[in-house]
Amino acid sequence: RPAAGGMMDLAYVCEWEKWPKSTHCPSVPLACAWSCRNLIAFTTDLRSDDQGAGLLPGPWTVHPSVEGLRCHLLPTGSRLLSADADGQIKCWSMADHLANSWESSVGSLVEGDPIVALSWLHNGVKLALHVEKSGASSFGEKFSRVKFSPSLTLFGGKPMEGWIAVTVSGLVTVSLLKPSGQVLTSTESLCRLRGRVALADIAFTGGGNIVVATADGSSASPVQFYKVCVSVVSEKCRIDTEILPSLFMRCTTDPNRKDKFPAITHLKFLARDMSEQVSLLCQTSSIVECWSLRKEGLPVNNIFQQISPVVGDKQPMILKWRILSATNDLDRVSAVALPKLPISLTNTDLKVASDTQFYPGLGKAEEPGAWHCTAPECLWTLALLQSVPRPRWPGAAPPLPAGTQVCLTWRWSSPTRQLSMLRISPSMGHTLDVNLALRHLLFLLEYCMVTGYDWWDILLHVQPSMVQSLVEKLHEEYTRQNAALQQVLSTRILAMKASLCRLSPCTVARVCDYHTKLFLIAISSTLKSLLRPHFLNTPDKSPGDRLTEICAKITDVDIDKVMINLKTEEFVLDMNTLQALQQLLQWVGDFVLYLLASLPNQGSPLRPGHSFLRDGTSLGVLRELMVVIRIWGLLKPSCLPVYTATSDTQDSMSLLFRLLTKLWICLPSTGPGLLWVLFGCQWLLGRDEGPASEPDEALVDECCLLPSQLLIPSLDWLPVSDGLVSRLQPKQPLRLHFGKAPTLPGSATSLQLDGLIRAPGQPRIDHLRRLHLGAYPTEECKACARCGCVTMLKSPNRTTAVKQWEQRWIKNCLCGGLWRRVPLSYP
């Protein structure tokens, strides 16, 4: 049994400004939801429209228009369901894909019938987590896909979106969203004899069915379970229900104790896709019980076995609820939170948790101000937080009321209108060896990389001293995967490395490099996609592949000699398109100039761009882009990068290409060997990597002369991020306010490094379009909640090629983060 009392700590508290007493209404049930993108939705007990949706990395950016008493986020976080006491269900979606701007377009209504349970239909995606195999080399061994059917499918097996709700009168309503936007809604009774439903929860089976658990609130009544099947017949939604075995809580079967537990206050399935395990909670003195639905053989009487021997050979099976575990008497529990990681309760789970010290916990908030985290297999206390003495400011974190809602690692407290974020390690506070702690964090980061989940909450546990080791181990595990999986995860791992490196002052320059590499990958794939073969009956290789192959084979330092080996007719584009791409081409030219000018200072790892000077693949991509730009410059000279040179006769493009090629030749080993290497989402032809040779003195001397020949641009290397992770490292709780950006001490990224200095009133830039916005932008902008990248909300361009570039970033940022609208005077 693990030692109890492991500590949790408070990361931050976000609260509303003081409201007049007239806006406070009597206590009502609160609702909150948390998606895998770290997007939260919640309701309050105010009469105003202060229900909202926000981001955990920046909880002050809340959108106050989500109404209702219950809410449920789509697992991807892109849609939100809300339901109220009048039976009104609304489906909210992000307006312009902005996390702090929501709009409701569709919904359903069960008039006058309050909703007690609400859920999206299952999309059929389920991933199993194998903690005991965390040391395996393949991601396929650590995380396996579980066969799971969607609740409903369209033609071709595509999951159909929709939602299911249970009302207080025992009705179940299902609404289906067709691709055309039409909503199909149907409502049926759970059983013939309808009764009051005080508590309900919804789970899904692997066969595509839905299981609904209901209780009337009295511990003397059984907890009922129903199987719900949804189908579409003649363009109409059809609901079929079936009664499943019910159960009575074990604590109420003891005559000496049943009076202590008059009411069932919480009813929860242990996981959304685990309909065979359920947890129940009784009060006044609280007790939690976990039950499991199992198939058991039904013994056959000897009389029937003699009559029909076949029956005896094949024992009939029935479904039966069996209790797994129960707690001792607790203080009054006000809320229960379930683990977010996929777990399965088998006999080996407790042993695996004990061996690996990795505990997915079940959270319980108690009214005197305590927060328990227990093991769901046995309900032993793993960690305990006393919330009263933690915060350092007056009136913070009072005892939790009965209306409190809890999600694992965070809670929402109604009377003081506070959102509190708790930091809980996977070991639940148990003392771990440093290597084991790193393995836990690495395992969770790998899980996020494979699933696409946001990793902000994991960064809360990464100390600055861990960053270097985590980045190296993450890269090592990534290189062990097969080539196809590496191609899929190539950009995601760069974004993850950038997020990690933000946490340490020693690795800020590497954040710049990772962000720049993401941008370079995007530009390279976009520009190459514009190339078209001159004849339709071309061989297998595309113009982009031929460009890569020729640039890898020809090591000539003269850009014109490389260019004549290409079929220039494949590079012909419309003149307006070439002019519209000028800002992106200018960035490539400026970046090459900056890299070469920084070569004499390559010994300083704190200088942005340091890793590029030893990355032969990235330098090869820059060579290819320089050749493409040279060809396009012959068609449209005004699209070329603009350099400020000291001599009017100097060919700046030829000079930079010559120096870049010399540097590129120094990195791989000598020899004509060629191989395909992965760069971003592309396979590029490059030379065999071997021991890199140092650039010769002649090349360094030529690069030293560059500042006297060309004006070195000041690159806007790193977007300014107002995230909280780096500011939470000292483990001191922060106090934040909804709707008000914090003024917090500077983070690691504010160090005065080359390329990161920002003076007040400095002109802003659109990081994706590379357009200058001025010191005080007049156009509406959006910013990434992860990296702080800023771009204009509305496109000023009408060229197809540029729209193609902008469409890449409609839903997510370059790093994969969510967009949020920012005011015109953004920092």
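In this chain, numbering begins with 1 at the start of the sequence shown.
The shortest side-chain heavy-atom distance between L459 and S499 falls under the 4.5 Å cut-off. For the pair W819 and D96, the minimum side-chain heavy-atom distance is 4.5 Å or more. R272 places a side-chain heavy atom less than 4.5 Å from the side chain of W120. In this structure the side chain of V471 reaches within 4.5 angstrom of the side chain of R510, judged on heavy atoms. Here the side chains of F143 and L129 are in contact, with some heavy-atom distance below 4.5 Å. Side-chain contact between L445 and L500 is present, with heavy atoms from C-beta onward closer than 4.5 Å. The side-chain heavy atoms of R79 and W92, taken from C-beta on, include no pair separated by under 4.5 Å. Looking at I458 and C448, their side chains come closer than 4.5 Å, going by heavy atoms from C-beta outward.
Remark: side-chain polar atoms of E141 are not paired, donor with acceptor, to backbone N or O of S134 under 3.5 angstrom. At least one donor-acceptor pair under 3.5 Å links the side chain of R502 to the backbone N or O of C787. Judged purely by atom type and a 3.5 angstrom limit, Q481 has no side-chain atom pairing as donor or acceptor with the backbone of Q486. Remark: side-chain polar atoms of S279 are not paired, donor with acceptor, to backbone N or O of L270 under 3.5 angstrom. No side-chain donor-acceptor contact under 3.5 Å links D454 to the backbone of N38. No donor-acceptor pair under 3.5 Å is formed between the side chain of S101 and the backbone N or O of L98.
Annotation for R786 and A495: closest pair NH1-CB, 4.3 Å, computed over non-hydrogen atoms. When all heavy atoms of W456 and M421 are compared, the pair lying nearest together is CZ3-CE, 3.4 Å. Contact between R492 and V450 at its shortest, heavy atoms only, is NH1-O, 3.7 Å. Contact detail for E446 and K142: the closest heavy-atom pair is OE1-NZ, 2.8 Å. Nearest heavy-atom pair, H97 versus I810, reported as atom, atom and distance to 0.1 Å: CD2-CG2, 3.2 Å. Nearest heavy atom pair, residue V511 against residue A498, reads CG2-O, 3.6 Å.
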Worksheet entry | Trace of the side chain to side chain donor-acceptor pair (under 3.5 Å) decision for T791 with W809 | CA-CA 10 Å; T791 186; W809 325 117; over 6 Å; no

Worksheet entry | Worked verdict on C815 versus C789 for side-chain contact (heavy atoms from CB on, under 4.5 Å) | CA-CA 9 Å; C815 66; C789 182; over 6 Å; no

Discussion item. Could you go through V790 and R764, starting from their C-alpha distance and side-chain angles, then the distance that decides it, and tell me whether this counts as side-chain contact (heavy atoms from CB on, under 4.5 Å)?
Written reply: CA-CA 9 Å; V790 175; R764 314 303 197 215; over 6 Å; no

Practice prompt. I would like to know whether V13 and L736 meet side-chain contact (heavy atoms from CB on, under 4.5 Å); could you show each step before the answer?
Written response: CA-CA 6 Å; V13 172; L736 309 171; over 6 Å; no

Discussion item. Applying side-chain contact (heavy atoms from CB on, under 4.5 Å) to L474 and M449, what does each step give before you reach the verdict?
Written reply: CA-CA 10 Å; L474 194 65; M449 187 162 58; 4.2 Å; yes

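Separation of atoms CG (L10) and CG (L734) is listed at 9.0 Å; rounding is to 0.5 Å. Within the model, atoms CD of E472 and NZ of K497 stand 10.0 Å from one another, a figure rounded to the nearest 0.5 Å. Rounded to the nearest 0.5 angstrom, D201 CG and L118 CG are separated by 11.0 Å. To the nearest 0.5 Å, the span separating CE on M94 from CG on N100 amounts to 9.5 Å. The distance from atom NE2 of H461 to atom NE2 of H440, rounded to the nearest 0.5 Å, is 12.0 Å. With rounding to the nearest 0.5 Å, the separation of OG1 in T516 from CD1 in I521 is 11.0 Å.
Under a cut-off of 6.0 angstrom, the local environment of NE2 in H475 is sparse, with at most 12 non-hydrogen atoms contributed by other residues, nucleotides or ligands.
Residues passing the ring pair (Phe, Tyr, Trp, His ring centres under 6.0 Å) test with Y453, sequence neighbours excluded: Y447.
Residues E476 and R480 are paired through a salt bridge, judged by an N-O separation under 4.0 Å between the basic side chain and the carboxylate.
A centroid separation of 6.0 Å or more is found between the aromatic rings of F204 and F269.
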